[in-house]
Number of protein chains: 2
Amino acid sequence: MPSAVLVAEPQLETRELLGRQLRDDGFDVLGAARRSEALELAESARPDVVLLAELELCLRLREGEPGRNWDRNVPVIVLASTSDPVERVRALDRGADDVVGRPFAYDELLARIRALIRRTAGSSEDVIVSGDLVVDRPTRRVHVRDTPVFLSAKEFELVAKLASQPHRVWTKEELLRDVWGFRALGRTRTLESHASRVRKKLCVAPDDRFVVNVWGVGYRMLE
Amino acid sequence: MPSAVLVAEPQLETRELLGRQLRDDGFDVLGAARRSEALELAESARPDVVLLAELELCLRLREGEPGRNWDRNVPVIVLASTSDPVERVRALDRGADDVVGRPFAYDELLARIRALIRRTAGSSEDVIVSGDLVVDRPTRRVHVRDTPVFLSAKEFELVAKLASQPHRVWTKEELLRDVWGFRALGRTRTLESHASRVRKKLCVAPDDRFVVNVWGVGYRMLE
DNA sequence: GGCTCCGCCAGATGTCCTTTCCAGCGGATC
DNA sequence: GATCCGCTGGAAAGGACATCTGGCGGAGCC
């Protein structure tokens, strides 16, 4: 399956040229001229990589927005406007994975895209199947042995996170950061409350055990 | 916990300078002048990032070697010898995650290191295998010859610390500081008590000896 | 505007871990 | 071999943490 690249570049000419080249190299390419368009496509098309020109867009992608559901962790490469190292540092500090200055060599950009995809491959499976549990990201549905389980938005995010690496123990800090996007918030019972509710909802059979607490650390998903 | 950076750079001066700067910025730094040293350290110290100058080393890291156990997926940044884009592409195509040309701005290298650690945090196969003992950090599971051993949070931290360098003797001060975060607290029996309990739990076969006391100093993992 | 659902927030309760204490053992030193 | 000091490992007290319930407020829907 070809990887999808979202090219968020205001300049028509650059966008088209880049799109053609990337298509020639086997990528699915989505173009976006404006920020709103880019966010829209990030949500609906779930690209494997985003190339973008505006740092502001990078921040918005990383911070997320209530009600919107793009992958806040999506790999990002910034097409900087200059060749100034200071601008490259700024891009990286704002959450970009990589950055190339202009003018850039297409071959290098391509190599960097490939390297980033290689690094992140498999981290955002569309459908996670782990034992009796099936988590379908695109449709946001969850099944336990073919029994549908209805989860709210946050509940789904939590389950998807835990199921993305079954058996891995996620610390409460990691879960709060990745699911809630908190900066530091430590002393509420929100996470525990959701974990409890999700656990109950996933218990279809009496002895199902999916969401398991790891004392003093966090939670993990079994099977 | 600070991230560990392995600097594999033949030139003494560059290696030392880079090491000092990175240490100032809060990293644990390991230096290696030769390829064999670098591979050795990649296996024993399990760095979070490797900076290297020779593409050959990058290939060796990625390919692995029978009997050796470094993480073939370890994040790699290449310090290219020139500023030639062709060399950058070559590095990326050989498995590097990122590459900076020379001369490079330290600030940019630092930003790239941070970006790469951010991206790979938690995904690196952080599994310590030493003899009959397997310590899996992501899942927080411990096995002795395929027999699972169930440890509490503090117990696991202690085992992971000891196993991170199996033959090294850790002083009680080091263990208290790194596992418990104490400043100096000298007169409790907490550490000894945990060591005792962990030792018993790890003794699957009658003559297993994993947590070994070193009289008047501290503990180590193996004999 | 009323209704419903969702997300967030404590409080009471129960569970499990952590720490401490102590008696006994065993190296280390001379 | 005698003595000292540190290590061992059981048991028990205390504390830290997790769970679940119920309530509050806001957003979206009718």
Side-chain angles (χ1 to χ4, degrees), chain A residues 64-69 140-142 149-162 169-203 208-222, chain B residues 140 142 149-162 169-203 206 208-221 223:
Chain A
E65 261 174 41
R68 307 293 291 279
N69 268 313
R140 299 181 75 81
R141 284 197 289 200
V142 174
V149 177
F150 300 99
L151 301 177
S152 73
K154 278 277 186 289
E155 291 167 356
F156 180 85
E157 290 293 332
L158 181 57
V159 169
K161 185 78 192 170
L162 291 174
V169 179
W170 300 88
T171 68
K172 298 193 170 190
E173 286 70 30
E174 287 171 328
L175 293 171
L176 281 171
R177 177 168 44 79
D178 294 348
V179 176
W180 276 265
F182 281 3
R183 294 268 169 270
L185 251 344
R187 55 175 63 115
T188 75
R189 233 58 53 81
T190 302
L191 168 57
E192 291 86 337
S193 176
H194 276 78
S196 162
R197 194 141 9 92
V198 160
R199 177 184 300 140
K200 227 183 311 178
K201 284 193 180 181
L202 291 181
C203 276
D208 277 342
R209 293 192 62 201
F210 287 108
V211 178
V212 179
N213 168 255
V214 178
W215 227 86
V217 184
Y219 293 88
R220 81 168 134 208
M221 185 71 83
L222 287 187
Chain B
R140 298 180 75 89
V142 175
V149 177
F150 299 99
L151 301 177
S152 74
K154 280 273 188 293
E155 292 167 355
F156 180 85
E157 292 296 332
L158 180 58
V159 168
K161 186 76 191 171
L162 291 173
V169 178
W170 300 86
T171 69
K172 298 192 170 190
E173 285 69 30
E174 287 172 326
L175 293 170
L176 280 171
R177 177 167 44 79
D178 293 348
V179 177
W180 276 267
F182 283 4
R183 291 275 163 269
L185 246 355
R187 17 187 84 122
T188 70
R189 289 280 91 82
T190 301
L191 170 56
E192 290 86 340
S193 175
H194 276 80
S196 158
R197 191 143 13 90
V198 160
R199 177 183 301 138
K200 212 185 336 173
K201 284 192 180 183
L202 290 181
C203 276
D208 277 343
R209 294 195 63 198
F210 286 109
V211 178
V212 180
N213 170 253
V214 179
W215 226 83
V217 183
Y219 295 88
R220 78 170 143 203
M221 201 64 216
E223 285 192 272

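Predicted model, so just to flag it, every value in this text is computed and none were measured.
At whole-Å resolution of the value, CG in B:Leu191 and P in C:dT18 are 13 Å apart. Summarising the geometry, the separation between NE2 on B:His194 and C1' on D:dC7 is reported as 16 Å, rounded to the nearest angstrom. B:Glu157 places its CD atom 10 Å from the P atom of C:dT18, with the value rounded to the nearest Å. Atoms CZ (B:Phe150) and C1' (C:dC16) sit 16 Å apart, rounded to a whole Å. Rounded to whole angstrom, the span from the NZ atom of B:Lys154 across to the C1' atom of D:dA16 amounts to 11 Å. With rounding to whole Å, A:Leu175 atom CG is found 16 Å from C:dG7 atom P.
Taken to the nearest 0.5 Å, the CZ atom of A:Arg209 stands 8.0 Å off from the CZ atom of A:Arg199. A distance of 10.5 Å separates CD of A:Glu174 from CG of A:Leu162, quoted to the nearest 0.5 Å. With values rounded to the nearest 0.5 angstrom, A:Ser196 atom OG is found 8.0 Å from A:Tyr219 atom OH. A distance of 6.0 Å separates CG in A:Leu202 from CE in A:Met221, rounded to the nearest 0.5 Å. Atoms CG and NZ, on A:Asp178 and A:Lys161 in that order, are 3.5 Å from each other to the nearest 0.5 Å.
Side chain of B:Lys154 to main chain of B:Trp180: no donor-acceptor pair is present (N/O by atom type, distance under 3.5 Å, no hydrogens or angles).
The side chain of B:Trp180 places an N or O atom within less than 4.0 Å of a non-bridging phosphate oxygen (OP1 or OP2) of C:dT19.
Side chain of B:Trp215, nearest nucleotide from C:dC17, C:dG27, C:dG7: C:dG27.
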*asked:* So if I define the base as every atom that isn't primed, P, OP1 or OP2, how would nucleotides 19-30 of chain D read as a B/S/- string at a heavy-atom cutoff under 4.0 Å?
replied: BBS---------
